[in-house]
Amino acid sequence: MKRYLPLMIFFGLAVLLGIGLTLNPRELPSVLIGKPAPQFELDRLDTPGQFSPSELQGKAWLLNVWASWCSACIQEHPVLNDIAKSYDFPIVGLNYKDQDRDAKDWLALRGNPYKVVVADREGRVGVDYGVYGVPETFVIDKAGRIVYKHIGAVTQQVFKDKLLPELQKAQR
Amino acid sequence: MKRSFYWLMPLLLALSLTVSAKTASSITSNPIAEARLVELSAELRCLVCQNESLASSQAPLAEDLRREVREQIALGKDNAQIINYLTDRYGDFVTYRPPFKARTLLLWLLPPVLLLTGLVLLWLRLRRASPPAPKTDADSDADDDAIKALQQEFDGKNHERD
């Protein structure tokens, strides 16, 4: 029995490290889950004026961080267009570290699923939300708290399995 | 010919690292604040290129976070407050030194526990392996007798042959 101990330790380690390999080190859990969504006041790109999250108090909504220079955003954009068509949840687009002109052209070309588009030109609001890449999508509940964060492109699958249940819970 | 320069490579690599660490974009003219920025951002992780510090990373996010740190310094915040500011947004992963709390207990305690266990096992094993018994006078007398006996036997045999 004792002579198999090193072998058993080896297999134990191999299984542990094997599990480690299947995890994605890029996906960092957000510390903001359950905390109030940070407030901001930013210029709108879709119409003149400004927007602040407090305007959506009492509603569950999505905050989608995107940029015209981000390729994964092109991939997720049709999904966002579908969501906007099929559901009532407002989607706010946080245009992250972008040129206004580029962002507007990009939306004109690919359609605008956003109820509101705001420009975070220097990425300051992004820092408050713990954004470290685009796209990222937050679910914010009726009380204005962040309840879920998705890192990377939103697919139909992600929306159906993760965002939609969270949104429905957040609306209650 | 080429091979003879291989030993230079780690040296050059090390040099390039120190150079890039020093280039953490300096904008403010205050050298004390800049020194604090470099010192602080060397302790902080760039979340885009995770194994690079904020000081050495050229990623746009690292630029932004250095700007935030610089502003916090200008506001007169101390190091702990600045690190809190970042961990409130990005979590403990942003620091290279995770704080000591319930979730990181295993991380902090496992290495010393393993080391201690190893040392105790080593000590037990060394103690169990009995050292060779020291030679006593009785032993050496016995040896002398044996040698004498052998010598006599040897001499006797020689005589017989003659």
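Note that the structure is predicted; figures quoted are calculated from it, not measured. Lettering of chains follows the sequences in order, A, B, ..., and the numbering in each one begins at 1. The analysis underlying the following values was restricted to heavy atoms, covering all of them including side chains, and did not include hydrogens, waters or symmetry mates.
- The CD atom of E122(A) sits 5.5 Å away from the CZ atom of R67(B) when rounded to the nearest 0.5 Å.
- Heavy atoms of other residues, nucleotides or ligands lying less than 6.0 angstrom from CZ of F11(A) number 12 at most.
- Proximity to chain B among residues 58-89 of chain A is not found for any residue, judged by heavy-atom separations below 4.5 angstrom.
- Checked for salt-bridge contact, K97(A) and E63(B) miss the test: no charged N lies under 4.0 Å from a carboxylate O.
- Remark: N51(B) CG is loosely packed, at most 12 non-hydrogen atoms of other residues, nucleotides or ligands lying under 6.0 Å away.
- Within the 4.5 angstrom heavy-atom criterion, no atom of K35(A) approaches chain B.
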What donor-acceptor contacts under 3.5 angstrom involve side-chain atoms of residues 126-134 of chain A, with partners at least two apart or in another chain?
unit_1, atom_1, unit_2, atom_2, d
D128(A), OD1, R89(B), NE, 2.9
D128(A), OD1, R89(B), NH2, 3.2
Y129(A), OH, P38(A), O, 2.7
Y132(A), OH, R26(A), O, 2.4
Y132(A), OH, L28(A), N, 3.0

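- Heavy-atom neighbours of R121(A) CZ from other residues, nucleotides or ligands within 6.0 Å: above the threshold of 12.
- If you chain together hydrophobic residues whose side chains sit under 4.5 Å apart, V92(A) and V117(A) never meet in one group.
- When the side chains of ILVMFWY residues are joined at heavy-atom separations under 4.5 Å, either directly or via intervening members, W106(A) and V118(A) end up in two distinct hydrophobic clusters.
- Residues L109(B) and L115(B) do not share a hydrophobic cluster, clusters being chains of Ile/Leu/Val/Met/Phe/Trp/Tyr side chains in contact below 4.5 Å.
- Cluster membership for Y96(A) and V48(B), using ILVMFWY side-chain heavy atoms within less than 4.5 angstrom, is shared.
- Heavy atoms closer than 4.5 Å to chain A are found in both the backbone and the side chain of Y90(B).
- There is no contact between L86(B) and chain A, counting heavy-atom distances below 4.5 Å.
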